[in-house]
Amino acid sequence: MSGLVRAAWRLAGATAAGRGRAGRALSQAGTGTGGDGGGAEGGGSGSGSREAVERLVRAHPVVVFMKGSPAQPLCGFSNAVVQILRLHGVEDYRAHDVLQDPDLRQGIKNYSNWPTIPQVYLNGEFVGGCDILLQMHQNGDLVEELKKLGIRSALLDAEKEKDQDKK
């Protein structure tokens with residue numbers, strides 16, 4: 001393990017110890033499920049249960065399950081998702097740090113039937129991971145999907161400003 005990765009893990013552990021397991025200081029969120037019970041597979045009310053994951057996914061129009069927080073992503077793919085959302089001016093979203101909760105980490109993978117993190121949900125529907133969000137950003141689909149949620153992409157304003165500067 002590289003020194004940088006080791007330092008990131010130590011920092012994440014120290015930060016988590018200061019907050020406790022259920023206290024997640026994330027994005028504009030302050031979300032997350034308290035409690036320690038439940039497995040990723042079964043029913044129940046634990047953080048990894050299908051019902052708990054469903055509540056998180058549907059709690060906000062834009063939800064990201066990631067490693068770390070938007071302020072301090074602990075993985076390059078999670079960082080890329082945060083940067084793409086930032087480019088579009090999406091600041092109001094819920095982020096859940098799966099490194100703080102192993103049950104949630106496995107539960108979200110089971111829920112989506114998608115093996116990797118980060119995972120992005122728009123209006124309760126699974127969009128994909130970093131690669132899909134990047135592709136949507138590049139081909140313009142993300143602007144359209146955000147518009148369906150009532151979110152105007154900041155890229156449209158930047159484009160408009162660029163056009164006005166040319167005149």
Side-chain angles (χ1 to χ4, degrees), residues 5 7-137 142 145-146 148-151 153:
V5 171
W9 275 105
R10 266 191 305 240
L11 179 60
T15 304
R19 288 188 303 242
R21 182 173 174 183
R24 297 181 207 344
L26 298 176
S27 149
Q28 302 71 24
T31 61
T33 58
D36 292 335
E41 296 282 340
S45 61
S47 60
S49 72
R50 185 163 190 82
E51 293 81 10
V53 170
E54 177 96 20
R55 280 192 301 273
L56 294 177
V57 163
R58 298 201 179 281
H60 197 271
V62 182
V63 179
V64 179
F65 293 86
M66 61 184 291
K67 295 177 181 177
S69 68
Q72 189 170 26
L74 296 177
C75 133
F77 298 112
S78 292
N79 185 45
V81 165
V82 168
Q83 295 306 320
I84 291 168
L85 291 174
R86 192 171 289 151
L87 273 171
H88 287 269
V90 179
E91 294 177 9
D92 183 21
Y93 62 95
R94 298 298 176 259
H96 300 279
D97 181 356
V98 300
L99 296 177
Q100 298 299 317
D101 188 341
D103 290 338
L104 178 60
R105 184 178 188 172
Q106 188 57 50
I108 194 62
K109 291 177 183 181
N110 293 346
Y111 180 83
S112 64
N113 197 26
W114 190 261
T116 60
I117 304 292
Q119 293 187 16
V120 179
Y121 290 78
L122 298 178
N123 217 20
E125 292 194 31
F126 178 58
V127 173
C130 173
D131 54 342
I132 303 298
L133 200 67
L134 178 59
Q135 183 179 36
M136 290 174 70
H137 164 69
L142 186 55
E145 290 301 316
L146 291 172
K148 291 177 188 175
L149 299 175
I151 300 171
S153 172

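Hydrogens, waters and symmetry mates play no part in the numbers below; they use all other heavy atoms, side chains included. The model shown is predicted, which means the values in this text are computed figures rather than measured ones.
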In Å, rounded to the nearest 0.5 Å, how long is the span from [atom1] of [X] to [atom2] of [Y]?
X	Y	atom1	atom2	result
Glu54	Tyr111	CD	OH	3.5 Å
Ile108	Leu104	CD1	CG	6.5 Å
Ser69	Leu99	OG	CG	10.5 Å
Asn123	Arg58	CG	CZ	8.0 Å
Gln106	Ser47	CD	OG	11.5 Å

Distance-only polar pair, side chains of His96 and Asp101, donor-acceptor under 3.5 Å: no
Name each donor-acceptor pair under 3.5 Å that joins a side chain in residues 128-137 to protein atoms two or more places apart or in another chain, with its distance.
residue : atom : partner : partner atom : Å
His137  : ND1  : His88   : NE2          : 2.8

query: Do Pro70 and Tyr93 come within less than 4.5 Å of each other through their side chains, counting heavy atoms only?
result: yes
Sequence neighbours left out, cut at 3.5 Å: what donor-acceptor pairs do the side chains of residues 73-81 make with other protein atoms?
residue : atom : partner : partner atom : Å
Ser78   : OG   : Lys67   : N            : 3.0
Asn79   : OD1  : Gln83   : NE2          : 3.4

message: Under the rule for salt bridge (charged side-chain N to carboxylate O under 4.0 Å, His left out), what residues qualify as partners of Arg86, not counting sequence neighbours?
response: none
message: Can you pull out every salt bridge (charged side-chain N to carboxylate O under 4.0 Å, His left out) where at least one residue sits in residues 113-123? Sequence neighbours excluded, please.
response: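 Salt bridge (charged side-chain N to carboxylate O under 4.0 Å, His left out) check on residues 113-123 returns no pairs.
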query: Where is the tightest heavy-atom contact between Phe126 and Trp114, given as atom of each residue plus distance?
result: CZ-CG, 3.4 Å
query: For the side chain of Glu145 and the backbone of Leu122, is there at least one donor-acceptor N/O pair under 3.5 Å apart?
result: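 Absent.
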field: Leu85 vs Val120, side-chain contact (heavy atoms from CB on, under 4.5 Å): CA-CA, chis, key distance, verdict
entry: CA-CA 10 Å; Leu85 291 174; Val120 179; 5.6 Å; no
